[in-house]
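Report on the structure given below.
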2 protein chains.
Amino acid sequence: MSSAKSRDALMQELEEAMRRSSAQGVMYGQAVANMAGISNSDMECMDILHLEGRVTAGRLAEVTGLTTGAITGVVDRLEKAGYVRRERDESDRRKVFISVVEEKAMEIGKFYVPMQEAMLKLWSSYTDDELRLLLRFANDGYKGVLQATEALKAVIEMPPEQRADLKMPPKSRR
Amino acid sequence: MSSAKSRDALMQELEEAMRRSSAQGVMYGQAVANMAGISNSDMECMDILHLEGRVTAGRLAEVTGLTTGAITGVVDRLEKAGYVRRERDESDRRKVFISVVEEKAMEIGKFYVPMQEAMLKLWSSYTDDELRLLLRFANDGYKGVLQATEALKAVIEMPPEQRADLKMPPKSRR
DNA sequence: GCTAATTATCTTAGTTGCTAAGATATTTAT
DNA sequence: ATAAATATCTTAGCAACTAAGATAATTAGC
């Protein structure tokens, strides 16, 4: 029982620590977007392009949750600033592929140097086995968040009375 | 040398896994804000209030990076919707403390239930020692991001020529 | 204790980026 | 051919932001 309690406390601390660092990470991203002179959404699209490579405008709308109209604006701005190029798909000429202009995108990459150095320094203090645990955790965490997003959609479609029956998460004390 | 290489690969995978899960976490937060019918910034302020408790309008501006004028709007909306209360500080009547109306804020908390259940499930598959490692990592990571944010400010104040000399982070291949 | 400077928030005008709805262009199905 | 579906773009209107300055309260200098 006393061991269970300390485990609960551990989990609560963990939740808060992750919330804090994640919030701070968001702030860092905003600061970078600011310095690059582009909006948050523009930055998010650059990030998606970096992770997924060449994608269509529609895919960007899907992933960001923005309307296709908004994406037109995002791509207009990024293209004007020279960060991306529009490329019509020759086999289906309705589609527009967006691809990164690497030379220009590197200018943004520089702003991530402080963050990457901080992370490298942090990671260097862990053993290979510990890093493997962290990797497993990050991957499992990603799956968990994806599942949670699905579950959240289920809440939307729930009738309000049933929604009220949801048990609340344990509140953190401060 | 081959062990060093696998360690580098590990770190690169880790970086990407963390980027992905963090991006997905942001998406989840946006979905919750949407369902609660409040904007992203409003949600972020609610989060800060949850983490820091009763804070002044100025503090919200400081932490979010918004102008004080924008915060006035945020608090107006949140107050109108019943999520927070304005309370003038009696000892310094220029200050306005913002405090959460818990009963109303719980309505938002419900949307976090899927996420918290996913996290609890995830964490339950780790031993106490492993959780302690994760906690240490999350805390160190927070400190790292804070430091990186400071270092980023240094880049701003750097003359452009010097900025160009910054070594680029290793690019991930895909 | 008066005056100036500072601090904290609010107000206003103008800008940006979003959505919703629908236009355009292309492809697929009947 | 014609209709339906798909992918992007355009437009009008709106929500939330910034910059600048107004207001009100506090602190510091004389």
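So that the names make sense, note that chain A is the first sequence line, chain B the second, and so on, each numbered from 1.
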Side-chain polar contacts of residues 67-76 of chain B - donor-acceptor pairs under 3.5 angstrom, sequence neighbours left out - could you list them?
from     : atom 1 : to       : atom 2 : distance (Å)
Thr67(B) : OG1    : Ala70(B) : N      : 3.2
Thr72(B) : OG1    : Thr68(B) : O      : 3.2
Asp76(B) : OD1    : Arg86(B) : NH1    : 3.1
Asp76(B) : OD1    : Arg86(B) : NH2    : 3.0

Contacting residues from residues 54-63 of chain B, given that a heavy atom lies under 4.0 angstrom of DNA chain D: none

Close approaches to DNA chain D from residues 79-95 of chain A, in residue order (heavy atom, under 4.0 Å): Arg86(A), Arg94(A), Lys95(A)

Within residues 67-75 of chain B, residues whose heavy atoms come under 4.0 Å of DNA chain C: Thr68(B), Gly69(B), Thr72(B)

Nucleic acid contacts - residues 37-47 of chain B versus DNA chain C, non-hydrogen atoms under 4.0 Å: none

Between [Y] and [X], does any NZ, NE, NH1 or NH2 come within less than 4.0 Å of an OD or OE carboxylate oxygen?
{"X": "Glu16(B)", "Y": "Arg19(B)", "answer": "no"}
{"X": "Glu117(A)", "Y": "Lys121(A)", "answer": "no"}
{"X": "Lys110(A)", "Y": "Glu107(A)", "answer": "no"}

With Ala118(A) via side-chain contact (heavy atoms from CB on, under 4.5 Å) - residues at least two apart: Ala148(B)

Going by side-chain hydrogen bond (donor to acceptor under 3.5 Å, both in side chains), name the residues that satisfy it together with [X], two or more places apart in sequence or in a different chain.
{"X": "Glu13(A)", "value": "none"}
{"X": "Ser125(B)", "value": "none"}
{"X": "Ser91(A)", "value": "Asp89(A)"}

Contact interval (first through last nucleotide) of DNA chain C with protein chain A, 4.0 Å heavy-atom: dG17(C) to dT27(C)

Can you give me every donor-acceptor pair (side chain of residues 32-41 of chain B, partner residue at least two apart or in another chain, under 3.5 Å) with its distance?
from     : atom 1 : to       : atom 2 : distance (Å)
Asn34(B) : ND2    : Gln30(B) : O      : 3.4
Ser39(B) : OG     : Ser41(B) : N      : 3.4
Ser39(B) : OG     : Asp42(B) : N      : 3.2
Ser39(B) : OG     : Asp42(B) : OD1    : 3.0

Arg88(A) side chain vs Arg93(A) backbone, donor-acceptor pair below 3.5 Å: yes

Side chain Tyr28(A), main chain Val145(B), donor-acceptor under 3.5 Å: no

Pairwise distance CG(Asp140(B)) to CH2(Trp123(A)) - rounded to 0.5 angstrom: 13.0 Å

Distance-only polar pair, side chains of Glu44(A) and Thr64(A), donor-acceptor under 3.5 Å: no

Same cluster (ILVMFWY, side-chain, under 4.5 Å), Tyr142(A) and Met18(B): no

Counterpart residues, ring pair (Phe, Tyr, Trp, His ring centres under 6.0 Å), relative to Tyr126(A) (two or more places apart): Phe137(B)

